[in-house]
Amino acid sequence: MASAALRERQAPIKDGYKSDPSSAVVTLSSSGTLDSSSITCKIDTGKQISQAKQKIAGLHQKAGGDDPEISGELCSGDMLLEALVACAGVTLKAVATALDIPIQDGTVRAEGDLDFKGTMGVDRNAPVGFTAIRLSFELKLMDGIEVAEDKIEKLGKLTERYCVVLQTITKKPDLSVSLRGTHQSEPGIDKTLQWGQKS
């Protein structure tokens, strides 16, 4: 059974987190690059992942998943940070273009701290999800063009204000979750199981 195999794989990891709680705390990161050619942000991914025809979400290694460089599977926490980097990078480029701030190139980075004791059910008091996220930009402006400091401040404020992913993380949206499953209880008779809630 798949459930027994998963439990067997995760048991030593959970034991390790019980004996050394700090080993469950990791910082995930994502980065992207900007250039002067377009209003885009190129996300940096591993070789296997970049060669994949589609992105596949899987368990993080700290939860019993395979090495993403071999499997090509991404932890959804990594994907969330990628979405933040992409959205923030594109937003910053759009705002810079509107403000006539000439960006030659740049790097966007997001880091997020995560405690796997929460998501693995090892410690009910440990948080599930990121406890802190840091977003940063390193920009190189075109040589020979002066940009006033107040323009850079405006670039930062407007990027923060208009980045959809950043604002979604910052301001918790109304969220509903639903689950529906069907199976044949008898030949020709489907049974539906449902669950849902708003948070």
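None of the values given here were measured: they were computed from a predicted structure. Both backbone and side-chain heavy atoms feed into the values below; hydrogens, waters and symmetry mates do not.
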Within-4.5 Å side-chain heavy-atom neighbours: [X] and [Y]:
X	Y	value
Val25	Thr131	no
Lys42	Asp35	no
Leu166	Thr91	no

Shortest non-hydrogen contact between [X] and [Y], atoms and distance:
X	Y	value
Gly16	Ser23	O-OG, 3.8 Å
Thr168	Pro173	O-CD, 3.6 Å
Cys41	Val85	SG-O, 3.8 Å
Lys117	Pro21	NZ-O, 3.3 Å
Ala94	Ile39	N-CG2, 3.7 Å

Please check: side-chain N/O of [X] versus main-chain N/O of [Y], any donor-acceptor pairing under 3.5 Å?
X	Y	answer
Glu111	Leu28	no
Tyr17	Asp123	no
Gln10	Ala63	yes
Lys14	Gly121	no
Lys198	Asp174	no

Exercise for the section: Apply side chain to side chain contact (heavy atoms under 4.5 Å, CB included) to Thr119 and Leu114, showing your working. Expected result: CA-CA 9 Å; Thr119 194; Leu114 191 59; 5.9 Å; no

If you round to the nearest 0.5 Å, how far is [atom2] of [Y] from [atom1] of [X]?
X	Y	atom1	atom2	result
Ile13	Phe116	CD1	CZ	9.5 Å
Leu74	Leu80	CG	CG	12.0 Å
Leu84	Cys163	CG	SG	6.0 Å
Ile145	Gln104	CD1	CD	9.5 Å
Ser36	Asp105	OG	CG	8.0 Å
Met120	Lys18	CE	NZ	10.0 Å

Handout entry: Audit row: Leu155, Leu139, side chain to side chain contact (heavy atoms under 4.5 Å, CB included) steps and yes/no
Key = CA-CA 12 Å; Leu155 174 63; Leu139 304 176; 4.0 Å; yes

Practice task
Answer with yes or no whether the side chains of Thr182 and Asp190 bring together a donor and an acceptor at under 3.5 Å.
Solution key: no

Practice task
Dump the intermediate steps for side chain to side chain contact (heavy atoms under 4.5 Å, CB included) on Arg134 and Asp113, then the final yes or no.
Solution key: CA-CA 9 Å; Arg134 295 168 294 284; Asp113 301 330; 3.0 Å; yes

Problem - The single option from Thr159, Leu135, Leu92 passing side chain to side chain contact (heavy atoms under 4.5 Å, CB included) against Val108 - result: Leu135

